[in-house]
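Step one of this worksheet: look at the structure below.
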Amino acid sequence: MRKVLFGQSECRGEAVCYYLLAEEHEGLGESYGLQVRCGEETEMIPDITSSQRHIQMLLEVLMAGSVTPATAREVIDDWLNG
């Protein structure tokens with residue numbers, strides 16, 4: 001699995017880092033997920049989509065809202081079902 005820093009925002013004076021995760025599936029291409037880290041707290045959600053464009057759009061939404069690891073999964077569920 002590859003992990004690339006996508007960007008950073010701030011929440012209550014703490015840096016929130018957003019990472020794009022890419023995993024190669026033999027014969028099927030890549031799937032993309034993300035990781036959100038703030039201090040010692042981390043939320044990793046792999047295999048969200050097979051579209052690099054969609055994961056980048058989702059990461060931009062998370063960064064714009066300064067979404068933290070504690071609420072990342074809920075925001076992602078809303079984004080996927082919205």
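All values reported here derive from a predicted model rather than from experimental measurement.
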Can you tell me how far CH2 of Trp79 sits from CD1 of Ile48, rounded to the nearest 0.5 angstrom?
-> 8.0 Å

Going hydrophobic residue to hydrophobic residue with side-chain gaps under 4.5 angstrom, can you get from Met63 over to Tyr19?
-> no

Applying salt bridge (charged side-chain N to carboxylate O under 4.0 Å, His left out), which residue pairs with at least one partner in residues 71-82 are found, sequence neighbours left out?
-> Glu43-Arg73

Roughly how far apart are Lys3 NZ and Leu20 CG, rounded to 0.5 Å?
-> 11.5 Å

Trace of the side-chain contact (heavy atoms from CB on, under 4.5 Å) decision for Leu34 with Ile76 | CA-CA 10 Å; Leu34 57 84; Ile76 292 165; 3.7 Å; yes

Calculate, to the nearest 0.5 Å, the distance between atoms OG and CD belonging to Ser50 and Glu23 respectively.
-> 13.5 Å

For His54, does its backbone N or O pair with a side-chain atom of Tyr32 as donor and acceptor, under 3.5 Å?
-> no

Verify the cluster assignment for Val16 and Met44: are they in a single hydrophobic cluster under the rule of side-chain heavy atoms below 4.5 Å apart?
-> no

Are Val67 and Val36 close enough that some pair of their side-chain heavy atoms sits under 4.5 Å apart?
-> no

Is there a chain of hydrophobic side chains (I, L, V, M, F, W, Y, each step under 4.5 Å between heavy atoms) that links Leu80 to Leu21?
-> no

At their closest point, which heavy atom of Ala15 faces which heavy atom of Gln8, and how far apart are they?
-> CB-NE2, 3.4 Å

Before giving the answer on side-chain contact (heavy atoms from CB on, under 4.5 Å), spell out for Asp47 and His25 the whole-Å C-alpha distance, their side-chain angles and the decisive distance to 0.1 Å.
-> CA-CA 10 Å; Asp47 298 321; His25 297 283; 3.4 Å; yes

Under 3.5 Å: donor-acceptor pair, side chain of Thr42, backbone of Arg37 | no

Consider only side-chain heavy atoms of I, L, V, M, F, W and Y, link residues closer than 4.5 Å, and tell whether Leu5 and Met57 are in one cluster.
-> no

Going from CD on Glu14 to OG on Ser9, what distance comes out if it is rounded to the nearest 0.5 angstrom?
-> 11.0 Å

Side-chain contact, heavy-atom cut-off 4.5 Å: Glu60 with Phe6?
-> yes

